[in-house]
Amino acid sequence: MTNHEIAVRFQRIADAMEVQGENQFKIRAYRKAVDTIDELGEPLADIEARGGLSEISGFGEAIIGKTRDFLTRGSTKLYEEMTQAVPQAVLEMAAIPGIGPKTVKALWQSLGITSVTELETAAKEQRIRSVTGFGAAKEQSILEAIERGRRLSERLPLFIALPYAERLANDLAHLPGVTKAEAAGSLRRRKDTVGDLDFVVATTDPAATEAAIPQLPQLTEILESGHSKIVALCNLNLRVDIRLGKPEDFGALLHHFSSGQAHNIQLRDFAESHGKKINEYGVFVTESGVEESIIDGNADESAIYAALGLPYIPVELREGRDEIAMAARGALPQLIEESDFRGQLHEHTTWSDGSASIWEMAEAAIARGYEYLAITDHSPLVKVANGLDRDRLLAQQEEIAQVRDALAAKYGDSFTLLSGVEVDILADGSLDGDEDILSRLDIVVASIHMRYREEEAAMTKRILSAIENPHVDIIGHPTGRLLGRREPFPVDMDAIIDAAARTGTVMEINASPDRMDINDIYARRACERGVKITVNADAHSIKGLSLLRWGLYTARRAGLTPEDVINTYRLPRLLAILKDGARN
DNA sequence: GCCGTTTTCGGCCCGACTGTTTTCAGTCG
């Protein structure tokens with residue numbers, strides 16, 4: 001069984017236990033195991049083979065035993081009991097936001113309701129109010145929750161949510177009384193998709209701000225409204241959480257509502273073990289029975305960490321992985337920044353489906369302060385993108401040579417144009433280009449654009465063939481996903497990462513906002529196993545070069561440093577890697 | 001179910017809002 005398959009089963013166990021009213025800490029233990037497994041850098045089967053299951057944090061006797069059961073026989077007694085005891089349709093009721101496990105359990109037991117449809121009917125027929133603890137208002141709120149659940153968007157891609165949230169934050173900042181407003185939550189951590197929008201608002205006139213917020217045109221429905229919190233639905237059909245606070249609390253609030261829940265729980269634990277207390281209003285110590293704040297009013301996020309004796313933890317890392325432990329021992333990575341990039345290695349021109357010429361792209365790169373840029377137009381298979389056949393690729397080489405001369409005449413030797421191709425990986429794993437030409441190019445990016453609906457084994461074999469090909473330097477957008485539109489290919493990423501490590505093949509974080517591919521978890525895993533990364537905008541225009549920031553977000557979430565990313569290197573080091581592979 | 005500078009039992013993050021049983025349980029983040 002794969003890690004994911006095991007994680008899904010532990011999740012199912014936890015969900016079922018919740019409806020059954022099991023001990024919440026027991027449920028939390030299973031949920032923690034799910035999160036841990038999702039982030040593991042190694043298949044559980046491999047970890048078990050080397051006797052390492054007990055070293056995994058949160059894995060005790062019971063969870064290790066069940067993991068072994070899943071690995072050896074594909075199931076375990078508790079899983080069978082739980083799936084038997086609690087039908088999937090019952091869990092679907094509890095999955096509706098606003099309807100929780102206690103409600104589901106009560107209605108299941110008292111009225112025998114086992115599905116969302118039955119729940120809706122019972123509420124409409126006013127049968128729910130007959131149950132102790134339930135009234136007409138609850139009936140109404142159930143109907144609204146079901147209806148809202150149908151309208152509610154799935155998680156939205158960051159590239160849609162981020163510009164929207166920035167505009168909304170700006171609108172909030174201009175409301176009466178507001179001194180500062182900022183988008184927080186997973187959006188601020190730059191997660192590739194977001195399930196809701198969080199905002200932190202500092203105000204000197206809470207009543208006026210509270211009254212003005214529901215008037216914002218983006219907000220279509222107010223779900224909750226209190227003195228420090230307003231929850232609404234916005235016209236993207238996303239939940240919006242707005243937290244109001246005093247200006248002096250802004251830093252603490254922003255910290256709390258920007259960090260992942262797991263990070264906050266761990267940070268509270270850390271604070272407690274150092275005799276301190278942290279919440280969304282600050283950091284406190286208790287001196288002779290009196291609680292005192294140990295941060296200044298108007299403290300920013302770094303002051304919060306400083307009060308706990310920790311260095312500042314960049315927001316992208318606050319997922320509750322191992323960042324607090326790393327911070328405590330002074331081992332946080334120096335995250336890569338946009339200014340670290342010396343060039344990009346995967347761009348298109350008018351030769352295929354780009355809108356700028358080679359010369360225009362080169363000058364745009366120079367304007368960005370780059371030292372190099374690789375031109376990598378499509379190979380012939382990608383007909384819709386006007387892919388280059390052998391003759392056109394040879395002709396393009398001539399133009400690249402001419403542009404190089406002209407650039408040298410105008411700018412000297414401070415900039416280097418690299419010649420390359422984005423070659424398609426065919427269904428059998430071979431490349432859509434002739435050996436002799438590939439060998440003459442500075443750089444070969446191999447990607448899949450066609451026939452991506454194969455089985456996992458076939459897709460994995462195909463990418464592995466490309467990795468083994470000595471001409472291939474980089475695997476482009478390795479999982480082929482399009483956020484919100486197309487799922488990633490089914491691939492065995494561990495096998496791919498291992499092969500890339502062995503052959504010195506570089507893996508791309510493609511920065512197209514709708515790709516962000518590979519994702520942060522894979523990038524981190526690849527890096528931990530010695531694979532080098534490249535971040536590229538895959539630009540199809542001059543403006544396209546600036547899309548790099550979306551890949552930067554992923555790289556930072558993965559904890560990458562400039563050393564991990566080859567297009568931060570100076571040219572000679574980069575060329576050595578393109579010639580011999582990126583082996584450590 | 002997990003864990004330990006409070007170590008094999010007794011804790012486990014905690015604050016905001018809603019609805020209802022009008023003092024607190026349920027839900028969420």
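Each chain gets a letter, A, B and so on, in the order the sequences are listed, and its residues count up from 1. Every heavy atom of this structure was used, including side-chain atoms; hydrogens, water molecules and symmetry mates were not.
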_Sub-6.0 Å ring centroid separation between A/His255 and A/Tyr305_ = yes
*Would A/Asp205 and A/Thr203 count as having a side-chain donor-acceptor pair, cut-off 3.5 Å?*
no
*Nearest whole angstrom, please: distance from the P of B/dC14 to the CD of A/Glu272.*
6 Å
*Using a heavy-atom cut-off of under 4.0 Å over every strand shown, decide if A/Thr132 touches base, sugar-phosphate, or nothing.*
nothing
*Under the ring-ring contact (aromatic ring centres under 6.0 Å, His included) test, which residues partner A/His477, sequence neighbours left out?*
A/His449
_Opposite nucleotide pairing with B/dT8, Watson-Crick or G-U, both atom distances under 3.5 Å_ = none
*Return the value, rounded to whole Å, for the distance between atom CZ of A/Phe270 and atom P of B/dC3.*
19 Å
*A/Glu61 or A/Ile278, whichever maps to the more 5' nucleotide of DNA chain B*: A/Glu61
_Among B/dC17, B/dG15, B/dG1, the nucleotide that comes nearest once only the side chain of A/Ser228 is considered_ = B/dC17
*Do the side chains of A/Cys234 and A/Glu221 get nearer than 4.5 Å, heavy atoms only?*
no
*Expressed in angstrom and rounded to an integer, what is the separation of A/Glu55 atom CD from B/dC3 atom P?*
13 Å
*Heavy-atom neighbours of A/Lys276 NZ exceed 12 at 6.0 Å*: yes
_On DNA chain B, compare the nucleotides closest to A/His227 and A/Ala136; which residue's is nearer the 5' end?_
A/His227
_Nearest-angstrom distance from the residue atom CZ of A/Arg28 to C1' of B/dC12_ = 6 Å
*Between the side chains of A/Glu319 and A/His263, does any donor sit under 3.5 Å from an acceptor?*
no
_Base versus backbone protein contacts along nucleotides 23-29 of chain B [heavy-atom cut-off under 4.0 Å; B, S, -]_ = ---SSSB
*Between B/dG29 and B/dT23, how far is it from one C1' atom to the other, in whole Å?*
24 Å
*Tell me what A/Gln24 touches on the nucleic acid: a base, only sugar-phosphate, or nothing, going by heavy atoms under 4.0 Å.*
nothing
*Given B/dA16, B/dC12, B/dT18, which nucleotide is nearest the side-chain atoms of A/Ser225?*
B/dT18
Measure all distances between protein nitrogen or oxygen atoms and nitrogen or oxygen atoms of nucleotides 7-9 of chain B, and list the pairs falling under 3.5 Å.
none

*Any side-chain heavy atom of A/Gln11 sitting closer than 4.5 Å to one from A/Tyr30?*
no
*Indicate yes or no: does A/Glu5 engage A/Arg9 in a salt bridge with an N to O separation below 4.0 Å.*
no
_Using the C1' atom as the point on both nucleotides, what is the distance between B/dC2 and B/dT8, in whole Å?_
12 Å
*Among B/dT18, B/dG1, B/dG15, find the nucleotide with the atom closest to the side chain of A/Tyr30.*
B/dG1
*Between the side chain of A/Thr204 and the main-chain N/O of A/Pro247, is any donor-acceptor distance below 3.5 Å?*
no
*Whole-Å distance between B/dC14 P and A/Ile265 CD1?*
10 Å
*Distance below 4.0 Å between A/Ser273 side-chain N/O and B/dT5 OP1 or OP2*: no
*Between A/Tyr553 and A/Arg549, does a side-chain hydrogen bond (donor to acceptor under 3.5 Å, both in side chains) hold up when you go through it step by step?*
CA-CA 6 Å; A/Tyr553 299 151; A/Arg549 67 185 178 105; 2.5 Å; yes
*asked:* Using whole Å, what does the distance between atom P of nucleotide B/dG1 and atom CZ of A/Arg31 come to?
replied: 15 Å
*Checking all strands, does A/Gly133 fall into the base, sugar-phosphate, or nothing category for heavy-atom contacts under 4.0 angstrom?*
base
*In whole Å, what separates the P atom of B/dA25 from that of B/dT20?*
16 Å
*Using the P atom on both, measure B/dT6 against B/dC12 and round to a whole Å.*
14 Å
_Pairing donors with acceptors under 3.5 angstrom, does anything connect the side chains of A/Asn237 and A/Ser153?_
no
*B/dT21 and B/dG26, which share atom name C1', separated by this distance in whole Å*: 13 Å
*Rounded to whole angstrom, note down the C1' distance from B/dG1 over to B/dT5.*
23 Å
*Rounded off to whole Å, could you give me the NZ-to-P distance for the A/Lys26 and B/dC2 pair?*
10 Å
*Take the protein atom CD of A/Glu139 and the nucleotide atom C1' of B/dT20, then report the distance between them rounded to whole Å.*
14 Å
